[in-house]
Amino acid sequence: MAFVYVQGAIADPGTADPAVTITPTVGDLLIVFAPIGAANPTGVSIADTQGNTWTPMVNNLLNDTHGDSLFGWWAKSKNSTSTTITVTSGGNLAAL
């Protein structure tokens, strides 16, 4: 099985809880990364409008030296309809 890049989206880091809307195919692997401008943030979460089950990636990167963190999640798409994915970051989303 070959891996194929299907689509991508970038949310505006200037918003408190950024969201992107995509139209996946059933069974697509959805991957989201969120740079958080806090060394040890709390309350960071992800959800979407289709009820996909999001799994945190192992060892989210916390960087106490620079005060930033990188969170990642993955989900298998349940359906092929428009899906809005929202990361709740407590207003700490950092620009890439």
Side-chain angles (χ1 to χ4, degrees):
M1 174 181 179
F3 290 98
V4 177
Y5 178 76
V6 178
Q7 60 182 301
I10 298 174
D12 178 4
T15 59
D17 293 326
V20 295
T21 301
I22 60 170
T23 305
T25 300
V26 172
D28 278 357
L29 177 63
L30 309 175
I31 299 173
V32 173
F33 288 102
I36 307 296
N40 291 298
T42 58
V44 178
S45 63
I46 188 169
D48 67 50
T49 55
Q50 300 303 325
N52 290 309
T53 302
W54 290 92
T55 302
M57 293 183 186
V58 177
N59 296 328
N60 283 312
L61 301 175
L62 303 177
N63 185 339
D64 291 333
T65 303
H66 299 286
D68 296 319
S69 304
L70 180 65
F71 282 73
W73 300 269
W74 66 271
K76 185 176 177 182
S77 180
K78 290 182 178 179
N79 49 44
S80 296
T81 58
S82 180
T83 304
T84 300
I85 303 166
T86 304
V87 172
T88 301
S89 64
N92 289 317
L93 195 72
L96 292 175

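All values derive from a computational prediction rather than experimental measurement. Along the sequence shown, the residues carry numbers beginning at 1.
- Applying the side chain to side chain donor-acceptor pair (under 3.5 Å) test to Asn52 and every residue at least two apart in sequence or in another chain returns Asp48.
- Residues that satisfy the side chain to side chain donor-acceptor pair (under 3.5 Å) test with Thr81, not counting sequence neighbours, are Gln50, Asn79.
- Annotation: side chain of Ile85 is in contact with side chain of Trp54 (closest heavy-atom distance under 4.5 Å).
- Using modelled atom types and a 3.5 Å distance limit, the side chains of Thr21 and Thr84 yield a donor-acceptor pair.
- Closest non-hydrogen pair, Met57 versus Trp73, comes out as CE-O, 3.5 Å.
- Ser77 is linked by a side chain to side chain contact (heavy atoms under 4.5 Å, CB included) to Pro24, Asp28, Leu30, counting only residues two or more places apart in sequence or in another chain.
- Partners of Lys76 under the side chain to side chain contact (heavy atoms under 4.5 Å, CB included) rule, at least two apart in sequence or in another chain, do not exist in this structure.
- Ser45 pairs by the side chain to side chain contact (heavy atoms under 4.5 Å, CB included) definition with Thr88, not counting sequence neighbours.
- Considering only heavy atoms from C-beta on, Lys78 stays 4.5 Å or farther from Thr83 through its side chain.
- Remark: Thr55 pairs with Trp74 by the side chain to side chain contact (heavy atoms under 4.5 Å, CB included) rule, at least two apart or across chains.
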